[in-house]
J.: 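This is the structure I want to talk about, given as structure tokens.
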There are 2 protein chains.
Amino acid sequence: MSARSGSQAGSRAAPEADACALSNDLGWALGVVFRCYLKASQDALADLPGGPRGFQVLAAAARDQHGSQLALAHRLGVDRTVMTYLLDDLEAAGLIERRPDPADRRARRILATARGCEALADAGQRLRAAEEQVLSCLDGEEDRGRFRSLLRRLALHASVADPVRGACDTAAEAIGTDPAGGPVLPC
Amino acid sequence: MSARSGSQAGSRAAPEADACALSNDLGWALGVVFRCYLKASQDALADLPGGPRGFQVLAAAARDQHGSQLALAHRLGVDRTVMTYLLDDLEAAGLIERRPDPADRRARRILATARGCEALADAGQRLRAAEEQVLSCLDGEEDRGRFRSLLRRLALHASVADPVRGACDTAAEAIGTDPAGGPVLPC
DNA sequence: TATTGTTATACTCTATAACTATA
DNA sequence: TATAGTTATAGAGTATAACAATA
């Protein structure tokens, strides 16, 4: 505790000593929070095919009906081969449907079924509860909202900045919209 | 559904989808930011054995000299078998040393070598630059600091709440300390 | 020729199990 | 018997490559 003895601290890599504390490492903190969220959301969505990722696919499918498989994959930043497996599982569970696109017979339009929309609403509630649990140590709506807002800005920025990874369309589009209230969607 | 609003954004995706918009999904945002950070830090630390994770190990080794391999693994929340591989690489590069613990001949004490400390300082600079780049879209020190602080609180909380995953010792210890000035360590 | 979607394959990361040497 | 560390192996997740159908 009298580690302050580092007053001269000259012995080694000194000046930013506390800068190397684990909790000040952005990577460590991000990793911990990310894994924590992952675990919480996996527990919350254990029954949903594909887990948290399946949820995102289902949500995206319900949001923008008529999107192709590839567009969906780009939006979520997953490989198109992974999307095939995810959709296989969701379709087997009767939550989404693949329909041939009359305009381009190579493509399939992804639609959420009525059952899928139900499952989505149900899973969404559980997911929100899990999120609140993860954020529970931030007191009050104020800090939680602030964190969400800052994180959102970072994510949108990152998506736009990384054209390779996809999702940039969505991000670019969303970046110009109202963060908070926003209009409601056809889900 | 989305077709009806084609009025202004004639080209493509539905402009009004917002409440269930991707960017409001905490999991999506966390994933994007996490992967973005991962990529940035991997690029920045490409020459360091083990990449970002190797950096954390090296930093931890330099911080608390004399820690055992297992203690180190717990601290960082990685499996002890993974720690073996990481340390193999770091030792092969001459950045850390494994010394038999005179008090317990089963254990090895992990020490950062002088060269390891140099590499750590050097890599730390590059990592900080990468972090700033990731956070660059938050204007000013104020927002960046706020985000770091909120994230740090979440991470410490998550670490403590998850005794299985380890790292709780560090977290519990750090949680009682001053976030900013903090205790200084022997790095 | 280029693109959508599928399949098979390979690779990376991580976790599990078995082993040793100590305690 | 239990623990620290190592090694080998198996598993999840992801990416790569090749293919069929279509543009």
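The sequence lines fix the lettering, A, B, ..., with proteins before strands; numbering per chain opens at 1.
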J.: The criterion is side-chain hydrogen bond (donor to acceptor under 3.5 Å, both in side chains); which residues satisfy it with B:Glu141, sequence neighbours excluded?
T.: none
J.: When the axes are fitted on five pairs at both termini, how much does the helix from C:dG5-D:dC19 to C:dA23-D:dT1 curve, in 10° steps?
T.: 10°
J.: Please confirm whether the backbone N or O of B:Gly145 pairs with a side-chain atom of B:Ser149, one donor and one acceptor, at under 3.5 Å?
T.: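 No; judged by distance alone, with no hydrogens or angles, the pair does not exist.
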J.: Where the side chain of A:Arg109 meets the backbone of A:Ser68, is there a donor-acceptor pair that is under 3.5 Å apart?
T.: no
J.: For the pair made of CZ in A:Arg53 and C1' in D:dA15, what is the distance, rounded to whole Å?
T.: 13 Å
J.: Taking salt bridge (charged side-chain N to carboxylate O under 4.0 Å, His left out) as the test, write out the residues that go with A:Glu97, two or more places apart.
T.: A:Arg99
J.: Check B:Lys39 with B:Asp43, please: is the shortest side-chain N to carboxylate O separation under 4.0 Å?
T.: yes
J.: Less than 4.0 angstrom from a charged side-chain N to a carboxylate O is my criterion; do A:Arg153 and B:Asp143 meet it?
T.: yes
J.: Applying the side chain to side chain contact (heavy atoms under 4.5 Å, CB included) test to B:Gln56, which of B:Leu127, B:Leu76, B:Val78 qualifies?
T.: B:Leu76
J.: Measure CG/B:Asp79 against P/D:dA8 and give the value in whole Å, please.
T.: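 Going from CG in B:Asp79 over to P in D:dA8 covers 17 Å.
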J.: Any salt bridge linking A:Arg128 with A:Glu132? Criterion: basic side-chain nitrogen under 4.0 Å from a carboxylate oxygen.
T.: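 So A:Arg128 does not pair with A:Glu132 through a salt bridge.
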J.: Hey, can you pull the donor-acceptor pairs under 3.5 Å for the side chains in residues 87-95 of chain B, sequence neighbours left out?
T.:
| unit_1 | atom_1 | unit_2 | atom_2 | d |
| --- | --- | --- | --- | --- |
| B:Asp88 | OD1 | B:Arg98 | NH2 | 2.2 |
| B:Glu91 | OE1 | B:Arg98 | NE | 3.1 |
| B:Glu91 | OE2 | B:Arg98 | N | 3.2 |

J.: Can we say A:Arg126 and A:Asp122 salt-bridge, meaning some charged N sits less than 4.0 Å from an Asp/Glu carboxylate O?
T.: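 Salt bridge: yes.
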J.: Grab the CG-C1' distance between A:Leu38 and C:dC13 for me, whole Å please.
T.: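 Spelled out: CG on A:Leu38 to C1' on C:dC13 is 14 Å.
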J.: May I have the distance from A:Gln69 (atom CD) to C:dT3 (atom P), rounded to whole angstrom?
T.: 17 Å
J.: Round to a whole Å and report the spacing from CZ of A:Arg35 to C1' of C:dC13.
T.: 12 Å
J.: Quick one: what's the B/S/- string for nucleotides 18-23 of chain D, heavy-atom cutoff under 4.0 Å, read 5' to 3'?
T.: B--BBS
J.: May I have the distance from A:Arg109 (atom CZ) to C:dG5 (atom C1'), rounded to whole angstrom?
T.: 16 Å
J.: Given atom CZ of B:Arg108 and atom P of D:dT3, what is their separation to the nearest angstrom?
T.: 19 Å
J.: Quick one: B:His74 NE2 to D:dG5 C1', roughly how many Å, whole number?
T.: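 From B:His74 NE2 to D:dG5 C1': 12 Å.
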J.: Could you state the interatomic distance from CE (A:Met83) to CZ (A:Arg53), rounded to the nearest 0.5 Å?
T.: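 CZ of A:Arg53 is found 8.5 Å from CE of A:Met83.
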J.: Scan residues 81-89 of chain B against DNA chain C and write down, sorted by residue number, each residue with any heavy atom closer than 4.0 Å; if none is found, say none.
T.: B:Thr81
